[in-house]
2 protein chains.
Amino acid sequence: MSDTPDGRLPGGSGRVTMREVAALAGVSTATVSHVINDKQGVRIGPDARRRVREAVAELGYRPNLSAAALVKGESRFIGLLADSIATTPFAGAVIRGAQDEAWRLGCSLLVANTEDNAAAEAQALEMMLDHQVQGVLYSTWYHREVVVPAGLSSADHVLVNCFSSTPGVRAVVPDEGGGGRTATRILLDAGHRRIAFLNTTTPSPARTGRLAGYREALADAGVAFDPALVIDTSPEQEGGYAAGLDLPELGVTGVFCHNDRVAMGVYDALRDRGLRVPDDVSVVGFDNQEVIAAHLRPPLSTVALPHYELGVLGVRLLMGLGPAEGPDPSGDVRGAASSAGPVATDRDGIVSVICPAVPRSSVAAPPAYVLAAAQP
Amino acid sequence: MSDTPDGRLPGGSGRVTMREVAALAGVSTATVSHVINDKQGVRIGPDARRRVREAVAELGYRPNLSAAALVKGESRFIGLLADSIATTPFAGAVIRGAQDEAWRLGCSLLVANTEDNAAAEAQALEMMLDHQVQGVLYSTWYHREVVVPAGLSSADHVLVNCFSSTPGVRAVVPDEGGGGRTATRILLDAGHRRIAFLNTTTPSPARTGRLAGYREALADAGVAFDPALVIDTSPEQEGGYAAGLDLPELGVTGVFCHNDRVAMGVYDALRDRGLRVPDDVSVVGFDNQEVIAAHLRPPLSTVALPHYELGVLGVRLLMGLGPAEGPDPSGDVRGAASSAGPVATDRDGIVSVICPAVPRSSVAAPPAYVLAAAQP
DNA sequence: CTGAAAGCGCTAACAC
DNA sequence: GTGTTAGCGCTTTCAG
């Protein structure tokens with residue numbers, strides 16, 4: 001059971017070693033190793049196996065991962081380089097997904113926040129290599145093209161939420177087009193026909209992808225595309241406010257905003273123009289920034305990009321596993337969204353939407369999902 | 001460079017080993033080790049030292065951390081258990097601070113997100129112990145009392161942003177009282193005398209601490225405390241809205257809100273009541289939730305808790321270092337005075353820091369800081 | 001001042 | 001089927 005609580009055992013760290021387990025079980029360390037690692041192709045008698053298990057339990061044995069890593073030349077670590085961690089919830093979601101999947105595969109995540117600083121990036125990468133990571137995920141908090149840092153090629157790697165023009169580099173990215181379609185369809189399904197799209201001015205996959213999705217959804221619904229309804233504006237509250245002031249003259253009844261911050265500005269602008277949301281104009285955002293979407297009045301309908309799933313898929317891709325797989329209990333799409341009350345408060349309940357297709361990606365991205373109800 | 005005589009080329013991972021460095025430098029591995037680790041108490045000739053350095057550079061040698069951890073029985077890892085990672089920016093800030101300080105000390109952070117789930121917590125902890133971490137930081141995303149999980153005592157540990165009634169457990173927590181004073185003083189300095197405080201209904205150090213700070217600031221300014229101006233409400237937009245509707249009747253010109261979400265609701269309520277911010281009523285929030293504070297119209301004055309610094313101090317405390325000494329911007333160090341910085345230094349170079357396991361006792365945290373300008 | 005040697009705890013060939 | 005035996009790359013006495 002437990003050793004004497006009064007003093008530290010002399011050895012390295014006082015922990016139970018495999019040799020002690022072997023001794024108690026009356027077998028050799030090799031046998032213990034085989035049993036513990038469930039080694040395939042090695043036949044161990046059921047009796048010995050049982051005794052080993054018992055000894056492990058009784059002694060409270062825990063493997064020394066450093067020793068295992070040393071002899072195998074490879075650790076059970078997966079590195080994750082993130083360019084941000086606190087500024088948005090997106091990176092956090094990626095990390096959560098990657099961690100959950102890594103744990104499922106018996107690995108640990110070694111996260112490093114680089115703040116998009118090349119020096120920190122290089123340092124973090126070396127640290128990871130020094131720890132013999134199996135591979136490295138390179139992730140960004142917003143979907144964009146990146147130049148793969150030189151050192152990254154020293155390790156097996158996969159890009160997450162970003163992509164590179166360098167051929168042969170695996171990447172997993174969100175389906176912007178699907179997101180744009182979903183957002184637009186929310187408004188179409190609510191009966192809107194004259195729908196503005198407040199797009200960002202920043203060139204990005206989000207800009208082109210969401211616009212394409214907007215147009216596709218309109219086309220699918222038999223609504224003619226009107227270029228006058230697509231307004232480029234800075235992707236913040238200020239941009240939304242400025243563009244929102246012009247909306248009344250356009251005669252639109254619905255607005256799809258490039259992101260939730262823009263939607264926040266639109267709310268303000270519409271209010272200042274004497275229009276009410278959702279009675280006069282319906283608004284749909286993008287990103288599901290919990291703190292905005294759930295707490296605006298009325299709560300904002302929005303589309304979330306599957307960041308958690310991006311993390312999951314990044315790990316799977318890195319480990320040479322296919323995208324989806326059978327029983328995935330944690331694939332609960334609503335999980336990432338549930339947080340505050342507003343979701344339960346809304347009238348029409350939660351709607352899940354599937355965004356198939358995958359732009360630029362070597363991997364299928366999971367569906368984006370929608371929060372709150374569409375505003376009629 | 002693959003000049004191993006016994007032809008063992010693909011042995012570990014093809015990386016340069018210390019033996020190769022030793023061979024090139026014409027010294028033994030022991031000498032290389034001493035030079036690399038800058039071992040004190042061992043005299044190495046300047047010449048040998050130089051040759052080792054050159055060999056390291058030429059070969060691009062990188063140490064195998066697994067090997068070092070194995071032989072020393074301890075890795076250069078510091079574990080960080082976080083109960084959340086994506087739901088708020090707070091945890092992220094703690095992580096950033098802890099990581100930066102860990103790196104400064106030549107350590108790596110091993111982060112685990114537990115989502116406040118006991119099973120995940122236990123699993124993560126075992127993982128960390130299996131990696132021979134030096135110690136573990138146990139952090140929460142909001143300041144609260146916790147019961148230290150049993151397994152945590154297997155490792156050296158420090159609580160971050162939380163505290164325990166268990167005696168002897170070190171902890172570093174934010175100075176809520178100082179935050180409350182700061183927020184209130186913003187309004188006082190702007191000339192307000194009738195200031196409401198929308199406190200949370202949730203019992204917590206934040207609730208009592210900020211209220212105490214509010215009262216202290218009033219007292220310092222010679223303003224009588226009026227219990228009618230303290231309104232408990234749910235700490236969300238909804239709570240702020242509800243309480244905000246009552247503000248006009250109270251004749252207040254300033255409002256200190258328990259957090260930014262409440263302030264967001266207050267903005268809405270005041271607008272609905274026909275009052276303007278800041279012309280009619282000034283509002284100060286708390287938390288500096290960037291996405292709210294910076295994007296409300298007008299931008300919200302708010303107070304930020306020092307989460308980054310909490311992470312930094314957690315690491316320093318764990319590693320037996322005193323609170324950092326550094327550039328300390330804008331005053332208000334008075335919070336530190338009341339925290340009775342219980343930093344005791346032992347002889348023999350061993351530093352022990354004891355934090356009273358009481359809500360009010362915070363380890364000398366850096367001052368909270370204020371964003372944006374006070375509204376006249 | 002420097003080097004030879006003995007492992008750290010574990011895995012992987014190969015004997016038995 | 002199971003035990004024996006080498007090391008993995010590094011740190012650390014302890015001789016010289």
Side-chain angles (χ1 to χ4, degrees), chain A residues 9-52 55-56 59-76 129-132, chain B residues 4-52 55-56 59 61-76 129-132:
Chain A
L9 293 179
S13 51
R15 282 170 54 128
V16 176
T17 119
M18 208 168 83
R19 190 141 51 213
E20 302 177 52
V21 173
L24 210 185
V27 298
S28 75
T29 61
T31 304
V32 174
S33 177
H34 288 148
V35 170
I36 286 177
N37 298 342
D38 215 16
K39 230 6 189 193
Q40 298 297 321
V42 182
R43 304 249 169 280
I44 301 285
D47 185 52
R49 172 163 273 137
R50 183 185 51 73
R51 294 207 314 280
V52 168
V56 165
L59 264 33
Y61 168 78
R62 297 251 83 214
N64 182 325
L65 266 23
S66 302
L70 172 58
V71 62
K72 303 221 300 209
E74 184 176 75
S75 70
R76 294 295 269 170
L129 292 171
D130 293 353
H131 280 295
Q132 348 285 144
Chain B
T4 33
D6 40 327
R8 192 179 55 259
L9 180 66
S13 49
R15 282 171 54 127
V16 177
T17 114
M18 207 167 83
R19 191 144 49 213
E20 303 176 53
V21 173
L24 211 185
V27 298
S28 75
T29 60
T31 303
V32 175
S33 176
H34 288 148
V35 170
I36 285 177
N37 299 343
D38 214 16
K39 241 339 191 212
Q40 300 296 321
V42 183
R43 304 256 168 277
I44 302 286
D47 185 52
R49 183 172 306 254
R50 183 185 50 73
R51 295 208 312 280
V52 168
V56 165
L59 265 34
Y61 169 77
R62 296 251 83 213
N64 181 325
L65 267 23
S66 302
L70 172 59
V71 63
K72 306 221 300 211
E74 185 175 76
S75 69
R76 293 295 268 170
L129 292 171
D130 293 352
H131 280 294
Q132 349 286 139

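Throughout, protein chains are lettered first and strands after them, A, B, ... in sequence-line order, and every chain is numbered starting at 1.
At a threshold of 4.0 angstrom between heavy atoms, the contacts of A:Leu70 include nucleobase atoms, whether or not backbone atoms are also involved. At a threshold of 4.0 angstrom between heavy atoms, the contacts of B:Val32 with the nucleic acid are absent. Among the atoms of the strands shown, only primed sugar atoms or phosphate atoms (P, OP1, OP2) are found under 4.0 Å from some heavy atom of B:Ala48.
Taking only side-chain nitrogens and oxygens, A:Arg49 never comes nearer than 4.0 Å to OP1 or OP2 of D:dG1. One finds no side-chain N or O of A:Asn64 lying less than 4.0 angstrom from the OP1 or OP2 phosphate oxygen of C:dC8. The shortest distance between the side-chain N/O atoms of A:Thr31 and the OP1/OP2 oxygens of D:dG3 is below 4.0 Å. Taking only side-chain nitrogens and oxygens, A:Thr17 never comes nearer than 4.0 Å to OP1 or OP2 of C:dC8.
For the pair A:Val27 and B:Ala68, nearest-nucleotide mapping onto DNA chain D gives the more 5' position to A:Val27. Mapping A:Asp47 and B:Ala67 onto DNA chain D via the closest heavy atom, the residue that lands nearer the 5' end is A:Asp47.
Rounded to an integer number of Å, the gap from A:Lys72 NZ to C:dA12 P is 6 Å. Atom CZ in B:Arg51 sits roughly 8 Å away from atom P in C:dG3 (whole-Å rounding).
Within the structure, salt bridge (charged side-chain N to carboxylate O under 4.0 Å, His left out) contacts touching residues 21-43 of chain B (residues at least two apart or in different chains) are B:Asp38-B:Arg49.
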